[in-house]
There are 2 protein chains.
Amino acid sequence: MPLLYHHPLDPHSRFVRLALAEYGIEPALVEERVHERRTEFLTLDPAGRTPVLVEEEGTVVPGAGVIAEYLDETAGAALAERRLLPTEKTARIEVRRLLDWFNQKFFAEVSDWSVTEKIYKRFLPADRGGGAPDMHLVRAARSNIRYHLRYIGYLIGRRNWLAGERMTYADLAAAAHLSCVDYLGDVPWDEDEAAKHWYQRMKSRPGFRPLLADRLPGVTPAAVYADLDF
Amino acid sequence: MPLLYHHPLDPHSRFVRLALAEYGIEPALVEERVHERRTEFLTLDPAGRTPVLVEEEGTVVPGAGVIAEYLDETAGAALAERRLLPTEKTARIEVRRLLDWFNQKFFAEVSDWSVTEKIYKRFLPADRGGGAPDMHLVRAARSNIRYHLRYIGYLIGRRNWLAGERMTYADLAAAAHLSCVDYLGDVPWDEDEAAKHWYQRMKSRPGFRPLLADRLPGVTPAAVYADLDF
């Protein structure tokens with residue numbers, strides 16, 4: 001059984017958990033607090049970030065993007081037409097473009113601020129940046145998320161799923177990041193009906209269930225968080 | 001002939017220029033000032049970032065990471081044992097890990113601050129963030145780069161090139177980012193001898209010459225910038 005070093009509210013870890021579920025791979029989960037910078041963890045990934053996947057035979061695969069490519073190359077063909085990174089050239093470009101959009105741009109403009117300010121800073125000592133959330137950053141995230149929701153709505157208005165007619169890594173990444181912000185009650189679902197309906201579809205996938213059951217000690221999720229019909 | 005939308009001192013654009021040279025592909029270069037947010041450019045890449053590669057038949061490939069994967073899939077096999085993303089499983093993981101390291105981590109901790117503060121802010125109006133460089137950020141970049149140089153030296157002490165026995169995307173990305181900071185005179189080459197020697201090797205590659213000839217109006221490069229024996 002592979003190991004996945006993750007954090008329950010790290011959006012990149014959640015993306016990989018959703019992907020593994022689609023591949024039918026059930027990893028053992030190891031919760032890693034990256035801010036503690038454990039030496040053993042840094043030898044797995046010198047960049048010190050979750051997620052890191054460790055195969056039973058010892059292969060170490062660090063980082064959400066690297067894991068996505070690795071899984072496609074080692075397990076993608078078995079999914080046939082449900083492949084999360086489709087084989088056609090322009091489809092691959094579009095999926096990877098949107099994967100970067102959510103794992104990098106949405107993260108930088110929304111989910112990193114939400115999660116760092118409202119979650120990670122609770123568990124950090126003051127001399128390492130811990131403390132009360134910087135509400136300036138939380139508000140910036142709340143403002144930025146509106147345009148991302150409209151972008152999701154725009155794409156879904158033209159396609160069945162974010163990158164085309166099939167569900168792909170793009171949908172999993174978008175849903176993973178949104179789910180973290182949603183846990184904190186900061187997704188304004190009334191901003192875009194199409195985006196909301198797409199997220200309802202994502203939420204009802206079997207692979208989503210473990211994420212909806214995640215609970216962080218001392219941080220109660222928003223009322224609609226686990227509700228499939230929010 | 002493909003088009004490459006780029007900026008001369010954008011490290012991600014430079015990475016792709018180096019890669020294209022290794023593939024023997026000579027693109028027409030179109031200088032894009034992403035801060036102007038031209039509508040035509042945003043239709044190519046809604047994220048509004050350089051580089052964007054546009055093939056002669058119309059295929060649009062946006063973003064350094066997406067372009068790297070695209071080039072490997074469409075032109076990689078022809079490079080045979082000089083392939084920039086080697087075919088063996090763990091080698092691919094290592095190259096992609098280091099590609100993320102330089103294109104994301106080094107960028108966030110060093111080259112983004114250097115280039116944004118010292119270059120982009122010159123060309124921006126004050127109401128869009130233009131003005132004098134924030135020397136706090138420039139100093140942070142100058143401090144962070146030391147540990148990255150030592151990391152390069154550490155890797156080169158164990159291997160011929162950054163990701164293994166052959167030159168790969170990892171070397172091109174690292175050299176691309178360093179070259180931007182070097183233009184600005186902010187690489188402390190005395191920090192690590194092994195890193196310096198590796199960069200000398202990179203600098204002497206034919207694909208590097210056009211980068212060393214780049215001149216930005218009003219911004220003279222550092223004395224050692226184009227010097228192969230610095």
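Note that this is a predicted model, so its numbers are computed, not measured. Below, chain A is the first sequence line, B the second, and so on; all start at residue 1.
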Could you tell me whether [X] atom [atom1] has more than 12 heavy atoms of other residues or ligands within 6.0 Å of it?
{"X": "B/Phe123", "atom1": "CZ", "result": "yes"}
{"X": "B/Glu26", "atom1": "CD", "result": "no"}
{"X": "A/Tyr147", "atom1": "OH", "result": "yes"}

Open item on the list: Please determine whether a side-chain nitrogen of the Lys or Arg among B/Arg97 and A/Glu69 lies less than 4.0 Å from a carboxylate oxygen of the Asp or Glu.
Closed with: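 Salt bridge flag = no for A/Glu69 with B/Arg97.
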Task: Presence of salt bridge, A/Glu73 and B/Lys89, under 4.0 angstrom - done: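 Looking at A/Glu73 together with B/Lys89, the answer is no, because their closest N to O distance does not fall below 4.0 Å.
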- [ ] Please name the pair of heavy atoms, one in B/Pro46 and one in A/Tyr151, separated by the smallest distance, quoted to 0.1 Å.
- [x]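 Scanning both residues completely, I find the closest heavy atoms to be CG-OH, 3.6 Å.
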- [ ] Please say which of B/Val66, B/Val60, B/Leu53, B/Ile67 ends up in a side-chain contact (heavy atoms from CB on, under 4.5 Å) with A/Ile93.
- [x]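 The option that passes is B/Val66.
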TODO: Could you tell me the separation between the OG1 atom of A/Thr90 and the OH atom of B/Tyr70, rounded to the nearest 0.5 Å?
DONE: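 Nearest 0.5 Å value for the OG1-OH distance: 10.0 Å.
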